[in-house]
Amino acid sequence: MSRGGGGPPPEAELDLDGALTRERASVEKALEVAVARLQPLLPEGLGPVVRHGVLAGGKRIRPILCVAAFRACGGKDDAPIQALAVSLELIHAYSLMHDDLPCMDDADLRRGRTTPHRIWGEVTTMAAAAALIPAAALQAWTSAEALELEPTEARGVVATLLRAAGASGMVGGQALDLLGEERALSPRELDALHARKTGALLAAAPTMGGRAAGAGAAVLDALGRYGRELGLAFQIADDVLDATGTARELGKEPSDRELSKSTYVSLYGIDEARARARERADAARDALRAAGLRAPLLDSLAEYVVRRRA
Ligand code: GRG
């Protein structure tokens, strides 16, 4: 995969671990606020489930991508963008809670902890997770207002989130995944599935950040391409980790083989899957460079998604 594209020279090295620690701390604070706002509205018994599902760890890559893109596009105001960014994490949290249910992956462990349905039961977990979907939409809408976006931009930001979360994005991808179990998918089918299931929300994150900062069409296009490539790199790396990692390392039981899923590893083997993840990450970075976007954190995050250990 070519690097360069005529843009500025490669970014100076960034202390990614330090940056991630700082960014995660900001995300956690904003998530605490979002969850606290939801607590009094929830029927009795759902509060702790929401806290467990949203606040119990996680890499927080989606909100970090959103904030990083916002800053790269000249955005300055931190509190409202953090609030917007966590709308992505609320959607992500609900999806993991549902994904772990017995009718889907039937998982006991997530982020090194017992899954909520094993503690509070399926009905309570399903309801608590479902409450996060409209909460996320509201969170996106109120923070678009706080960012004082023009109505068109505000609508665009919220629509980007909801489209990525919905039938043409994550939910559609998950449905394809469930329906495709026990069947060998072609490379094209697997890419299409994961572009929706995992890629859509990851691609929405930088796009929302860019839109919130008032980026123009060319930059938004580059952020979209960056996000789509990074999304597929992330999923390929996820499949490699599932095939090579232990429950202790991953914080969850590896499950792809047990569920007879088509994965990038079943399709290509571990070495080629790793190489393909790296190609996608390079393509993501190329998209930034070709648009002349100086974005050291976004650049490093593309590297991070393929070298992460969990
Ligand atoms: C009922 C069809 C239907 C859909 C409901 C369950 C669901 C919606 C969607 C599932 C989406 C899903 C689980 C996608 C997987 C994405 C993925 C690779 C998750 C792991 O993300 P990380 O590694 O997790 O960012 P952490 O724990 O770090 O937050």
Side-chain angles (χ1 to χ4, degrees), residues 20 23-24 27-28 31 52-66 85-86 88-107 109-117 122 125-134 136 161-181 190 193-205 227 230-243 245 247 249-256 259 261 263-265 273 277 280 301 304-310:
L20 285 177
E23 298 299 337
R24 281 192 189 120
V27 171
E28 296 302 330
L31 277 173
H52 180 103
V54 177
L55 299 173
K59 294 181 287 297
R60 310 309 194 195
I61 178 105
R62 294 155 190 82
I64 293 174
L65 283 166
C66 178
V86 302
L88 288 149
E89 194 68 14
L90 297 179
I91 294 285
H92 173 60
Y94 113 75
S95 80
L96 297 183
M97 291 163 82
H98 277 188
D99 191 48
D100 289 336
L101 288 171
C103 62
M104 296 197 218
D105 273 6
D106 195 13
L109 199 67
R110 166 77 65 180
R111 297 167 169 171
R113 299 174 62 164
T114 304
T115 45
H117 65 274
E122 283 178 57
T125 300
M126 206 161 48
L132 293 173
I133 308 168
L161 175 71
L162 297 182
R163 283 201 192 98
S168 56
M170 186 184 74
V171 169
Q174 174 76 349
L176 287 172
D177 199 12
L178 294 168
L179 298 169
E181 274 174 21
L190 198 63
L193 184 166
H194 286 303
R196 289 162 82 165
K197 177 182 158 177
T198 303
L201 208 55
L202 283 162
L230 175 136
L232 284 177
F234 187 97
Q235 182 60 51
I236 301 171
D238 220 64
D239 287 356
V240 171
L241 286 171
D242 193 275
E249 287 160 346
L250 303 178
K252 61 183 180 182
E253 292 287 348
S255 63
D256 289 344
L259 294 170
K261 279 187 179 175
T263 70
Y264 287 101
V265 170
R280 294 280 186 182
L301 284 168
Y304 166 76
V305 301
V306 293
R307 73 159 169 79
R308 67 201 168 91
R309 309 289 310 148

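We count ligands from 1, going down the list as the structure has it; atoms in each ligand are counted the same way.
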Problem - Heteroatom distance test (S95, ligand 1): nitrogen or oxygen, under 3.5 angstrom - result: no
Handout entry: Salt bridge present between E23 and R60 (N-O < 4.0 angstrom)
Key = no
Using a 3.5 Å cut-off and no angle test, enumerate the donor-acceptor pairs between side-chain atoms of residues 161-174 and protein atoms at least two apart in sequence or in another chain.
residue : atom : partner : partner atom : Å
Q174    : NE2  : D99     : OD1          : 2.9

Completion exercise
Under 4.0 Å from one or more heavy atoms of G58, ligand 1 contributes atoms 26 (P), 27 (O), 28 (O), 29 (O)
Handout entry: Numbered atoms of ligand 1 (with element) below 4.0 Å of H98, judged on heavy atoms
Key = 6 (C)
Handout entry: Any N or O of R111 closer than 3.5 Å to N or O of ligand 1
Key = yes
Completion exercise
Logged contact type for D238 with ligand 1, heavy-atom cut-off 4.0 Å, is side chain
Exercise for the section: Find out whether D238 and R308 are in side-chain contact, i.e. whether some heavy atom of one side chain is under 4.5 Å from a heavy atom of the other. Expected result: yes
Exercise for the section: Check ligand 1 against V171 and write out every atom of the ligand that is under 4.0 Å from a heavy-atom position of the residue. Expected result: 2 (C)
Exercise for the section: Run down the list R62, M170, K197, H194 and name the one with the heavy atom closest to atom 17 (C) of ligand 1. Expected result: R62
Fill in the blank from the handout: Restricting to heavy atoms, the pick from R110, M104, H92, E89 nearest atom 24 (O) of ligand 1 would be H92
Exercise for the section: Would you check if D100 and K252 make a side-chain contact, meaning some heavy-atom pair closer than 4.5 Å? Expected result: no
Handout entry: Shortest protein heavy-atom distance from atom 8 (C) of ligand 1, along with the residue and atom involved
Key = Y94 OH, 3.4 Å
Practice task
Salt-bridge test for D105 and K261: reply yes if a basic N is under 4.0 Å from a carboxylate O, no otherwise.
Solution key: yes
Exercise for the section: For residues L88 and L65, determine if any side-chain heavy atom of one lies less than 4.5 Å from a side-chain heavy atom of the other. Expected result: no
Problem - Protein contact of atom 16 (C) of ligand 1 - nearest heavy atom, named by residue and atom, plus distance - result: T198 OG1, 3.6 Å
Handout entry: G199 backbone acceptor or donor facing H194 side chain under 3.5 Å
Key = no
Problem - Close side-chain approach of V265 and D242, heavy atoms under 4.5 Å - result: no
Exercise for the section: Compute the shortest N/O to N/O distance between K59 and ligand 1 and return yes if it is under 3.5 Å, no if not. Expected result: yes
Problem - Heavy-atom nearest neighbour in the protein, as seen from atom 4 (C) of ligand 1, with distance rounded to 0.1 Å - result: Q174 CG, 3.5 Å
